[in-house]
Amino acid sequence: MVKEVGASFTIVGHSERRADQHETSHDAWAKAAAARRQGLNVILCCGETEAERDADRAERVVQAQIEKSVPDNADGSWFTLAYEPRWAIGTGRTPTLDEIAAIHAIARAKLRMLIGDAAAGVRILYGGSVTGANAALILATPNVDGALVGGASLTAEKFVPIIEAAASL
Ligand SMILES: O=C(CO)[C@H](O)COP(=O)(O)O
């Protein structure tokens, strides 16, 4: 159905699905695999809650989500990972650049354990309150290969500065 309406990408494992529909990482894995079988590109979201970060569990939570939801045959030709801390989505709050770098590094390492050399070609996006004001620094953070933009993508006035930040790297 998604393909029939012309989509070429699908997002799975989004925090709203995990929180509101109680979707598990296994569900995200099954959806990613099914989407791939239909020829769709997949963006798989992972990310901790605020309580998990406060308990110093963010890295372990993200590692476990990745381990349980990345299909064995994932590679950068169709698969993208997005780190979206739930508490940063739509809130105007973001992790520090060091915190983003730390999670993206462990995400890359976990991907390498799971899919080997293909991990190098998988784009890892950051999502959560990306704006024209913070995009350049976030996009220049190691292992950040792009941004998954929500609210700021809704108007040209807010989105164009993000595109310009990306283009200037
Ligand atoms: O997940 C998102 C919207 O549901 C998006 O990637 C991030 O949203 P934002 O915080 O509004 O940029």
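Whatever order the structure lists them in is the order used to number ligands and atoms, beginning at 1.
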- Message: How close do Ala58 and Arg53 get, counting heavy atoms only, and between which atoms?
- Response: CB-NH2, 3.6 Å

- Whether Ser153 lies under 4.0 Å from ligand 1, heavy atom: no

- Heavy-atom side-chain contact between Ile43 and Phe9 under 4.5 Å: yes

- Query: Remaining members of Val2's ILVMFWY cluster at a side-chain heavy-atom cut-off under 4.5 Å?
  - Reply: Leu40

- Message: With heavy-atom distances below 4.0 Å as the criterion, list the atoms of ligand 1 near His14.
- Response: 1 (O), 2 (C), 3 (C), 4 (O)

- Query: Could an N or O of ligand 1 be found under 3.5 Å from any N or O of Gly151, whether backbone or side chain?
  - Reply: yes

- Based purely on interatomic distance, does Ile89 place a nitrogen or oxygen under 3.5 Å from a nitrogen or oxygen of ligand 1? no

- Task: Look at atom 7 (C) of ligand 1 and find which of Lys158, Arg86, Glu84 reaches it with the closest heavy atom.
- Result: Glu84

- Message: Set out, in order, the CA-CA distance, both residues' side-chain angles and the distance that settles salt bridge (Lys or Arg N to Asp or Glu O under 4.0 Å) for Arg93 and Glu50, then state yes or no.
- Response: CA-CA 11 Å; Arg93 299 162 58 209; Glu50 185 159 26; 2.6 Å; yes

- Item | ligand 1 N/O within reach of Gly127 N/O, cut-off under 3.5 Å | no

- ligand 1 atoms nearer than 4.0 angstrom to some heavy atom of Ser129 are 9 (P), 10 (O), 12 (O)

- N or O pair under 3.5 Å between Leu148 and ligand 1: yes

- Task: If the plane angle is over 60° it's perpendicular, under 30° parallel, otherwise tilted; pick one for Tyr83 and His104.
- Result: perpendicular

- Below 4.0 angstrom from a heavy atom of Gly90, which ligand 1 atoms are there? Numbered from 1 as shown, please. 9 (P), 10 (O), 11 (O)

